[in-house]
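Here is the structure we will look at.
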Amino acid sequence: MTEERLMDKIIDVSLRRGFISPTAEIYGGAGGFYDYGPLGTLMRQKIIDLWRQSFVLDEDKVFEITGSLLLPEPVFQASGHLDSFSDPLVQCDKCKSMFRADELIEQITKQKAEGLTLEALDKLIQDNSINCPSCKGELSKARQFNLMFGTEIGSTGGMKGYLRPETAQNIFINFKRLAGFMRNKLPFGIAQVGHSFRNEISPRNFILRVRQFEQMEIEMFYDPEKENEHPRFDEVAEIEINLVTREMQEKGWEEPLRVTVEGAIVEGLIPNQYLAYYLAMETEMLKAMGIPETEFWFRHMQDHEAPHYSAGNFDLEVNLSLGHMEIIGNALRTDYDLQKHAKASNTSFEIADEGRKIVPHVAEPSMGVDRILYTILEKCYREDDRGWVWFQFPAAIAPLEVAVFPLMKKDGLAELAYDIHDELKDAGYLSFYDVSGKIGKRYARADEIGIPFCVTIDYETKEELTVTIRDRDSMQQIRIPIEDLEVVLGELMDGEAEFSEFEDYLIKS
RNA sequence: ACGCCAAUAGUCUAGUGGUAGGACUUCAGCCUUCCAAGCUGGAAACCCGGGUUCGAAUCCCGGUUGGCGUACCA
């Protein structure tokens, strides 16, 4: 790699080839917001499809819902977001450092200050003559920093609302109806894909730290007394994952621990099967998306790092060019949210089972679509000696799957190629037709956006009804009858067949 | 949020107080029987606002966006 940062190269391709661009660019942009272009959108869709297939559709008792992005204030009062998302800050007039007002007071006066009003905090700062801890300068008045986007609902503005800072709350507040739909029988899971919003103080690093992001999330509700009776755990028990335990972090670690999820439970490294199940599933999913297993691990977060609702978090961290990045959070939310909402709304969230009344516990795998997409871009980015840039996307997440080219424009080849392209589209392939420029240039253009296969129509196509398929990764070509094209492409894409298995059809150059 | 630095076609860049040149890309055409490199022609830019000036893309101020550092990151 050259001096230029990998992220800059990814941004360059993203802008040029229609993956991602800043929102409201012609008006100077808006920090922390990005729009997805044609290829970015196709790719997002495929990422979501892949997740949906294995985490929702393949499961027996997981269903997906679509919740409102804007929710009324009481939801976040109950969930704790209003408090934990809204920190009182003071700033030093001299050195401009920012401090949490309540923590500063607690440190210096040793008295509890959490949850006090701004006025009370100001008074305590004044009464105790608290100055800036780093330069002794005067401190400003405390200001409320709320990471949620708030608004007024209705023309008279009688009701406060917030854009959701996580998708999960829609599921908890619908719990009673959802449980009814699931016939009040545990376990069951509710999935959701959609946007969440956080008014980050300082958005940074392209699409990695943004104010609007998309989550793919499941709340898996289970009986805490049966936390190791996951109905499908056997299917994943032997899958190996990379794990970084709390103990390893204290001692300092270099290589993650390699364990089967079953072994991790036996040794008490992961709290239960419901959480462990998802760690295994996520490992498999990321591998299918072209992210090598050596590049990510699950880190058991220390107690003080975990979110306010979590009794234990296993973050999936990936090794990116700019350092480690959390792209998936796996939280053990216990019954925290249901209890909070039950109390605040005066609703019962108990489920009767075998004579017991249970408030279910929750295991939550929560994934950032944008961060996963960026990780794929980095991990699939290739650059060869000649400076060519291309993406080695697995077919499963490639924004376009096949490109169809006539070798030449003339002699009817263009028309013939277009017909084949049209048929591939009818057959459900994401096919792209390109006629302009020399054939080599078209291959290069297709490679750059990671199209795995190119079909070329030449004179033999006319005479013998055959076409060539070019493999992006090896640049090799096979020649097969047109009538086999759809089937062969399908096998290559599903991974049922490797390109090298078609040795008999290889074109020797 | 604060500090420092930056902002020129789609992308990467050159450049000057007198409104811009290149490369790649892209488009039309020619050429071309398989891996970006031939020929002709075309399109396309000085982040926004204010100030200084006869004149500002250039100098100054403010904003926006981005990078780095610090802080923040449920």
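In the text below, chain A, chain B and the rest are named by the order of the sequence lines, each starting its count at 1. On a predicted model such as this, the values are computed, not experimentally measured, just so you know. No hydrogens, no waters, no symmetry mates; every other heavy atom, side chains included, goes into these values.
Between the side chain of A:Arg470 and the base of B:C34 there is no donor-acceptor pair of N/O atoms closer than 3.5 Å. Under 3.5 Å, the side chain of A:Gln477 and the base of B:C34 form at least one donor-acceptor pair of N or O atoms.
Of the residues in residues 439-456 of chain A, those placing a heavy atom less than 4.0 Å from an atom of RNA chain B are A:Ile439, A:Gly440, A:Lys441, A:Tyr443, A:Ala444, A:Arg445, A:Thr456, in numerical order.
Residues passing the side chain to side chain donor-acceptor pair (under 3.5 Å) test with A:Arg371: none are found, sequence neighbours excluded. For A:Glu460, the side chain to side chain donor-acceptor pair (under 3.5 Å) partners are A:Arg479, not counting sequence neighbours.
Taking atom C1' on both nucleotides, B:C2 is separated from B:U13 by 32 Å, rounded to a whole Å.
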Under a 3.5 Å cutoff on both atom distances, Watson-Crick or G-U, what's the dot-bracket for RNA chain B ([ ] crossing, | other strand)? (((((((..((((....[..)))).(((((.......)))))....(((((..]....))))))))))))....
For nucleotides 40-45 of chain B, give me one character per nucleotide, 5' to 3': B if any protein heavy atom sits under 4.0 Å from the base, S if the only such contacts are to the sugar-phosphate, - if neither. ------
Can you give one letter per nucleotide of nucleotides 63-69 of chain B, going 5' to 3': B for a protein heavy atom under 4.0 Å from the base, S for sugar-phosphate only, - for none? -SSSSBB
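Under 3.5 Å, the side chains of A:His300 and A:Gln249 contain no donor-acceptor pair of N or O atoms.
The ring of A:Phe298 has its center no closer than 6.0 angstrom to the ring center of A:Phe314. Annotation: A:Tyr34 is in aromatic contact with A:Phe206 [ring centroid separation under 6.0 Å].
Within the nucleic acid shown, A:Asp12 comes within 4.0 Å of sugar-phosphate atoms alone, with no base atom in reach, counting heavy atoms only.
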